[in-house]
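Throughout, a chain's letter reflects where its sequence line sits, starting with A, and its residues are numbered from 1.
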Amino acid sequence: MGKEITSRAADYSQWYIDLVKKADLAENSDVRGCMVIKPYGYSIWEKMQQALDKMFKDTGHVNAYFPLFVPKSLFEAEEKNAEGFAKECAIVTHYRLKNDPSQKGKLMVDPEAKLEEELVVRPTSEAIIWSTYKKWIQSYRDLPILINQWANVVRWEMRTRLFLRTAEFLWQEGHTAHATREEAIRETEQMLDVYADFAENFMALPVIKGRKSEGERFPGAVDTYCIEALMQDGKALQAGTSHFLGQNFADAFHVQFTNKEGKLEKVWGTSWGVSTRLMGALIMAHSDDDGLIIPPRLAPLHVVIVPIFKNEDELARISAKADELVKTLRAQGLSVKFDNRDTHKPGFKFAEYEMRGVPVRIAIGPRDLDNGTVEVARRDTKEKNVMTFDRVKTDIPALLDDIQKTIYDRALAFRTNLTTRVDTYAEFKTVLDGKGGFVLAHWDGTAQTEAAIKEETKATIRCIPLDAPPEEGVCVYSGKPSNKRVLFARAY
RNA sequence: CGGGGUGUAGCGUAGCCCGGUAUCGCGCUUGGUUUGGGACCAAGAGGUCGUCAGUUCGAAUCUGGCCACCCCGACCA
């Protein structure tokens, strides 16, 4: 592991890349645009999965798995959806290789093994899932269907960045089918709330819930809801989406049911997802120039114990105490590691665990044994305090709660400072180019204005906040009347 | 797909203009001294210089083709 990462002030993008690599989260693979998620990075993703999966199940959903490949004819059935993803689809056209007669030891695509129908590698699974739902739904008694899947998807992006945008990424996608419009909308909103809850309470990431403008809507959706977060460089990041699909996929795949009155009706749908992009959000929202800062509720390791010793005898004495602490803390439900390696000095270990964002570090040396104390360092503020042995059991769990809260409060204060209400276009541009962040401004509601602003400033409407109070005003761009402010920002 | 750039040890690099089998740092191995904030000293190991061809007595270096990757744009969870 190297010694330093680029500072945020020097080059925010480079800081992010350095951090992902030095904290051992992920690296570029031999496949263009695809990453290897390393064990430590994956363990954080697993924590996210566990928390989300429980929330999905608590709201009545079940997991299932649908195929990676989507026959082209199914994929193209919902026109807007197909059109929206067409430019970034990987396609399977053949199913066999053979020895290349012109080059010894090389393989070539067997031209005789061409598929009758090409298979699209899923960029999202609405098509394959709704073609399946058609077989499952005949009666109102078959509804609702509340299914989630954990899967990988492929979107052939031109430019990629670790976690934030990769050609293949991991995610979960919920796909639900309902008898009524109202129920489907309730589902869409419920899952948005689940995502916001997860972001705020697990990721310690304050988010703004809202609806996308027509231009930013998911292809094939009637309405797209999202949560938007602010990163430390003042750019916005979409952290999750929940779509009300109306009857678009029911239309495309002829999914109908017989209602209580014996009449045929079309099914209403939703879909919702979050991806490994959340890893990027987690990193960019909280971490500092010394490395990762992970909120305790997502940290694979809560506490690391580092012994400080000069010889085997000292290590043995410290180990006895450390083992006791490990037991105590594990009994509190915490993940604890005693790093007794004698191949690295304490200073090296301190730096290493800071880079990896372990929330709490406990150091024990001979001095502590004599005093009946330990040195406790918290990662979020870098504060160090001496604690007596008997306090560890109660004070460490309390400290972790405090760290979780501190990280959230810090992110919220940051966002509050970087959220600006503007009333003129000049001010709009000044704020974007100066302090950045979220800009709340009036918008006339037209796609033309939205596009013009994007063209001129690179800022997009992140969302129309759900909690925006009605307020009479005029569009900063066109001067036409508007009745609420929308959220603008430059985004990832 | 347009514009620019770069490929030398696991990683980061010097050398290239002006041809003579490769520099330095990190990391790695071994031994010793160290250990309360990324240790030090010594000795070692590790390279078809992206690839293919050409020029030459001789190519990391010059010429051409190819490949890969990075950056800027357009596109994007």
J.: Pairing of RNA chain B as dot-bracket, 5' to 3': ( ) intra-strand, [ ] crossing, | other strand, . unpaired, with Watson-Crick or G-U pairs under 3.5 Å?
T.: (((((((..(((.......[...))).((((((.....)))))).....(((((..]....))))))))))))....

J.: Pick the C1' atom in G10(B) and in C16(B), then give their distance to the nearest Å.
T.: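 One C1' to the other, the span is 25 Å.
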
J.: For a side chain to side chain donor-acceptor pair (under 3.5 Å) check, start with the C-alpha distance between T457(A) and R490(A), then their side-chain angles and the critical distance, and finish with the verdict.
T.: CA-CA 8 Å; T457(A) 67; R490(A) 291 190 180 132; 5.5 Å; no

J.: Rounded to whole angstrom units, what separation is found between the CH2 atom of W156(A) and the P atom of A77(B)?
T.: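 Whole-Å distance recorded here is 18 Å.
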
J.: Of E187(A), E126(A), H243(A), which meets side-chain hydrogen bond (donor to acceptor under 3.5 Å, both in side chains) against S271(A)?
T.: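 Running side-chain hydrogen bond (donor to acceptor under 3.5 Å, both in side chains) over E187(A), E126(A), H243(A) with S271(A) returns exactly one hit, E126(A).
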
J.: Which value, in whole Å, describes the distance between the C1' atoms of nucleotides C49(B) and A59(B)?
T.: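 Rounded to whole Å, the distance is 11 Å.
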
J.: Once ring-ring contact (aromatic ring centres under 6.0 Å, His included) is applied, do any residues pair with H175(A), and if so which ones, sequence neighbours excluded?
T.: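 For H175(A), no residue satisfies ring-ring contact (aromatic ring centres under 6.0 Å, His included) once neighbours in sequence are set aside.
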
J.: Using the P atom in both, what is the distance from C28(B) to U63(B), to the nearest Å?
T.: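 Between the two P atoms, the distance is 40 Å.
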
J.: Tell me which of V31(A) and P219(A) sits closer to the 5' end of RNA chain B, going by the nucleotide each one is nearest to.
T.: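 The answer here is V31(A).
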
J.: Could you give the CZ-to-P distance, from F350(A) to G36(B), as a whole number of Å?
T.: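 It is 8 Å, rounded to the nearest whole Å.
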
J.: Distance between the P atoms of C24(B) and A14(B), in whole angstroms?
T.: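 These two P atoms come out 15 Å apart once rounded.
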
J.: With sugar-phosphate meaning primed atoms plus P, OP1 and OP2, does R341(A) contact a base, only sugar-phosphate, or nothing at under 4.0 Å between heavy atoms?
T.: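 Nothing: the residue R341(A), judged by heavy atoms under 4.0 Å, touches no strand.
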
J.: Got a sec: does the NZ of K98(A) have more than 12 other heavy atoms crowding it under 6.0 Å?
T.: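 Correct, the count exceeds 12.
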
J.: The side chain of R277(A) lies closest to which of these nucleotides: A77(B), G37(B), G36(B)?
T.: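 From the listed options, A77(B) comes nearest.
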
J.: Between C57(B) and G15(B), how far apart are the two P atoms, rounded to whole Å?
T.: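 29 Å, rounded to whole Å.
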
J.: Which nucleotide wins on minimum distance to the side chain of K458(A), given the candidates G36(B), C75(B), A74(B)?
T.: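 Of the options given, the side chain of K458(A) lies nearest A74(B).
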
J.: With P as the reference atom in both, quote the distance from G50(B) to C75(B) in angstrom, rounded to an integer.
T.: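 About 36 Å, rounded to a whole number of Å.
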
J.: Residues from residues 280-319 of chain A sitting under 4.0 Å of RNA chain B, heavy atoms only?
T.: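 Per residue number, the list reads I308(A), F309(A), K310(A).
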
J.: State which residue, out of R341(A), K337(A), R361(A), fulfils the salt bridge (charged side-chain N to carboxylate O under 4.0 Å, His left out) condition with E352(A).
T.: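 Of R341(A), K337(A), R361(A), salt bridge (charged side-chain N to carboxylate O under 4.0 Å, His left out) with E352(A) is met by R341(A) alone.
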
J.: Send over the distance from R490(A) CZ to G73(B) P, rounded to a whole Å.
T.: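 R490(A) atom CZ is separated from G73(B) atom P by 12 Å.
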
J.: Are any non-hydrogen side-chain atoms of V386(A) and V376(A) less than 4.5 angstrom apart?
T.: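 Counting from C-beta outward, V386(A) and V376(A) never come under 4.5 Å.
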
J.: Please report the distance separating the C1' of C40(B) from the corresponding atom of G4(B), rounded so that it comes out in whole Å.
T.: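 The answer is 45 Å between these two C1' atoms.
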
J.: Is atom CD of E79(A) surrounded by more than 12 heavy atoms (other residues, nucleotides or ligands) closer than 6.0 Å?
T.: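 Atom CD in E79(A) is not crowded, with 12 or fewer foreign heavy atoms closer than 6.0 Å.
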
J.: What integer distance in Å separates E216(A):CD from C75(B):C1'?
T.: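 For the pair E216(A) CD and C75(B) C1', the rounded distance is 12 Å.
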
J.: Look at atom CD of E83(A) and say whether more than 12 heavy atoms of other residues, nucleotides or ligands are closer to it than 6.0 Å.
T.: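 Not buried by this count: 12 neighbours or fewer within 6.0 Å.
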
J.: In whole Å, I'd like the distance from the CG atom of D18(A) to the P atom of G12(B).
T.: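 Nearest whole value for this atom pair: 12 Å.
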
J.: At under 4.0 Å between heavy atoms, what does S13(A) touch on the DNA or RNA strands: base, sugar-phosphate, or nothing?
T.: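 Result for S13(A) = nothing.
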
J.: Scan F169(A) against the nucleic acid and name what it touches under 4.0 Å (heavy atoms): base, sugar-phosphate only, or nothing.
T.: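 F169(A): base contact, heavy atoms under 4.0 Å.
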
J.: If you assign I17(A) and A239(A) each to the RNA chain B nucleotide with the nearest heavy atom, which residue ends up on the more 5' nucleotide?
T.: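 Closest to the 5' end, via its nearest nucleotide, is I17(A).
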
J.: Expressed as a whole number of angstroms, how long is the span from F218(A):CZ to A77(B):P?
T.: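 Answer to the nearest Å: 10 Å.
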
J.: Under 4.0 Å, heavy atoms only, any strand: does D368(A) hit a base, just the sugar-phosphate, or nothing?
T.: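 Base contact.
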
J.: Any base atoms under 4.0 Å from K384(A), or only sugar-phosphate, or nothing? Heavy atoms, all strands.
T.: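 Touches a base.
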
J.: Of the candidate nucleotides A77(B), G36(B), G37(B), which contains the atom at the shortest distance from the side chain of K345(A)?
T.: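 Out of A77(B), G36(B), G37(B), the nucleotide with an atom closest to K345(A)'s side chain is G36(B).
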
J.: Is U61(B) in the syn range, within 90° of 0, or in the anti range?
T.: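 That one's anti.
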
J.: What is the distance, to the nearest angstrom, from the CG atom on L52(A) to the C1' atom on A77(B)?
T.: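 In whole Å, A77(B) C1' and L52(A) CG are 15 Å from each other.
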
J.: Could you walk me through whether E456(A) and Y477(A) satisfy the side chain to side chain donor-acceptor pair (under 3.5 Å) test, starting with their C-alpha distance in whole Å, then the side-chain angles of each, then the deciding distance to 0.1 Å, before giving a yes or no?
T.: CA-CA 11 Å; E456(A) 290 172 27; Y477(A) 190 80; 2.6 Å; yes

J.: For the side chain of Q238(A), starting at C-beta, report the closest nucleotide among A39(B), G38(B), A77(B).
T.: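 Nearest to the side chain of Q238(A) among the choices is A77(B).
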
J.: If we take the C1' atom in both C11(B) and C52(B), what is their distance in whole Å?
T.: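 Looking at atom C1' only, C11(B) and C52(B) are 28 Å apart.
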
J.: Which part of the nucleic acid does E354(A) contact within heavy-atom distance under 4.0 Å: base, sugar-phosphate only, or nothing?
T.: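 Touches a base.
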
J.: Is there a side-chain contact (heavy atoms from CB on, under 4.5 Å) between T460(A) and E450(A) once you walk through the steps?
T.: CA-CA 7 Å; T460(A) 49; E450(A) 183 183 13; 5.9 Å; no

J.: Can you check whether F253(A) and Y133(A) have ring centres sitting under 6.0 Å from each other?
T.: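 Centroid distance F253(A)-Y133(A): not below 6.0 Å, so no.
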
J.: Between A77(B) atom P and L237(A) atom CG, what is the distance in whole Å?
T.: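 The answer, rounded to whole Å, is 11 Å.
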
J.: Compute the ring centroids of F56(A) and W272(A), then answer whether they are less than 6.0 Å apart.
T.: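 Between W272(A) and F56(A), which both carry aromatic rings, the centre distance is below 6.0 Å.
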
